[in-house]
2 protein chains.
Amino acid sequence: MSVRIDELDRKILGCLQVDASRSLDEIATEVGSSKTPVWNRIRKMREAGIITSQTVTLDAEALGFDACFYVLIRTSEHEQDWQKRFLEALNARPEVQEAHRLAGDIDYILKVRVPNARAYDAFYQALISEVKIHNVTALLSMEEIKSTTALPL
Amino acid sequence: MSVRIDELDRKILGCLQVDASRSLDEIATEVGSSKTPVWNRIRKMREAGIITSQTVTLDAEALGFDACFYVLIRTSEHEQDWQKRFLEALNARPEVQEAHRLAGDIDYILKVRVPNARAYDAFYQALISEVKIHNVTALLSMEEIKSTTALPL
DNA sequence: TCTGAAAGCCGATTCCT
DNA sequence: AGGAATCGGCTTTCAGA
């Protein structure tokens with residue numbers, strides 16, 4: 001499934017990751033090419049699903065989302081049905097920004113962004129009432145030191 | 001520091017979070033307004049720092065980044081100087097996508113995206129050679145269940 | 001596959017309500 | 001402060017090499 005990407009594609013992606021609002025001309029100049037080829041390559045990478053989407057990133061704190069938790073979850077249930085319901089619960093909750101199934105001792109990790117601790121508790125209570133969870137540890141963020149979605153191409 | 005945001009602003013941000021490549025006209029129609037006010041509001045929110053940046057999100061696996069780790073870090077050093085060097089080390093390493101300082105038992109959590117386990121080990125060795133770290137636990141992701149940067153406005 | 005040019009749409013500004 | 005109209009520029013397309 002890994003698509004062929006050459007050096008020029010990589011440079012283009014690098015540019016777009018930094019700032020997707022720049023004009024084709026600017027990008028073309030920076031990567032040492034010209035508009036049309038750059039445009040064609042971007043289109044192809046969009047179609048191939050390499051470029052997933054184009055979004056804005058917002059300042060969470062400025063919008064009143066002052067609390068961020070990483071939640072470590074252990075479960076005793078490992079049946080298909082439980083997993084399906086758990087997954088649906090996560091997808092239905094917009095405060096869950098990330099969810100990964102893990103290898104080892106801890107089964108899942110979530111990143112949860114909420115206005116305050118009370119909102120986290122509401123989320124937590126709602127979650128454990130929907131699906132059975134064996135053990136939960138919440139790690140409260142005091143400070144976001146670094147945050148990027150950029151891949152090190 | 002929390003800026004005044006009304007219902008219309010919130011709708012606009014919601015639109016942009018979903019797809020920032022849409023035209024002003026489309027957004028204006030969807031939020032029930034027209035181009036000029038929408039444009040002015042977007043500009044203001046950019047200036048206010050509410051809209052931080054505009055980027056593309058890339059498919060990490062399609063680009064060969066098959067491994068994702070959450071790294072839990074305990075340290076015995078809590079001096080200013082140590083913290084400064086640790087922070088610089090994190091910022092210098094592009095494979096670190098997120099870094100948070102935590103409250104409680106565990107001091108820091110990192111999200112690290114790399115091509116494979118070997119690359120993670122290289123990162124890990126480099127990090128502990130630069131700064132003294134008391135205890136490290138790496139959680140290996142088996143599956144990315146959910147991933148979004150969108151805030152639940 | 002890249003270059004160059006042409007067409008049409010969109011972002012940005014201005015004026016009017 | 002929102003709506004309409006305008007202009008310039010950029011995206012997008014299409015020949016041609």
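Predicted, not measured: the structure shown is a model, and the values here were computed from it. Within every chain, numbering begins at 1; the chains are lettered A, B, ... in the order of the sequence lines, protein sequences first and strands thereafter.
- The six-membered or imidazole ring of A:Phe86 lies near that of A:Tyr108, with a centre-to-centre distance under 6.0 Å.
- Computed from coordinates, the A:Arg22 CZ to D:dC10 P distance equals 13 Å when rounded to whole Å.
- If you measure from atom CG of A:Asp25 to atom P of D:dG9, you get 12 Å, rounded to the nearest angstrom.
- At a threshold of 4.0 angstrom between heavy atoms, the contacts of B:Thr36 include nucleobase atoms, whether or not backbone atoms are also involved.
- Residue A:Leu24 is in base contact, counting any heavy-atom pair closer than 4.0 Å across all strands shown.
- Put simply, the side chain of B:Lys35 and the base of C:dG11 share a donor and an acceptor less than 3.5 Å apart.
- Contact annotation: A:Arg43 does not reach the phosphate of D:dT13 (side-chain N/O to OP1 or OP2, under 4.0 Å).
- The side chain of A:Ser33 places no N or O atom within less than 4.0 Å of a non-bridging phosphate oxygen (OP1 or OP2) of C:dC2.
- Atom CG in B:Leu8 sits about 7 Å away from atom P in D:dG2, given to the nearest Å.
- Remark: side-chain polar atoms of A:Asp66 are not paired, donor with acceptor, to backbone N or O of A:Asn116 under 3.5 angstrom.
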* Would B:Ser141 and A:His100 satisfy side-chain hydrogen bond (donor to acceptor under 3.5 Å, both in side chains), going step by step from the backbone distance to the final call? -> CA-CA 6 Å; B:Ser141 170; A:His100 286 249; 2.7 Å; yes
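- One atom, CD1 of A:Ile12, and another, C1' of C:dC2, lie 13 Å apart when rounded to the nearest Å.
- Ring pair B:Tyr120/B:Phe123 is tilted by interplanar angle, where 30° to 60° counts as tilted.
- Comparing D:dT12, D:dA1, C:dG11 by their closest approach to the side chain of B:Lys44 singles out D:dA1.
- Rounded to whole angstrom, the span from the CD atom of B:Glu7 across to the P atom of D:dG2 amounts to 14 Å.
- The phosphate of D:dC10 has neither OP1 nor OP2 within less than 4.0 Å of any side-chain N or O from A:Ser23.
- Of the candidates D:dG2, C:dA12, D:dT12, C:dA12 carries the atom nearest the B:Trp39 side chain, counting heavy atoms from C-beta on.
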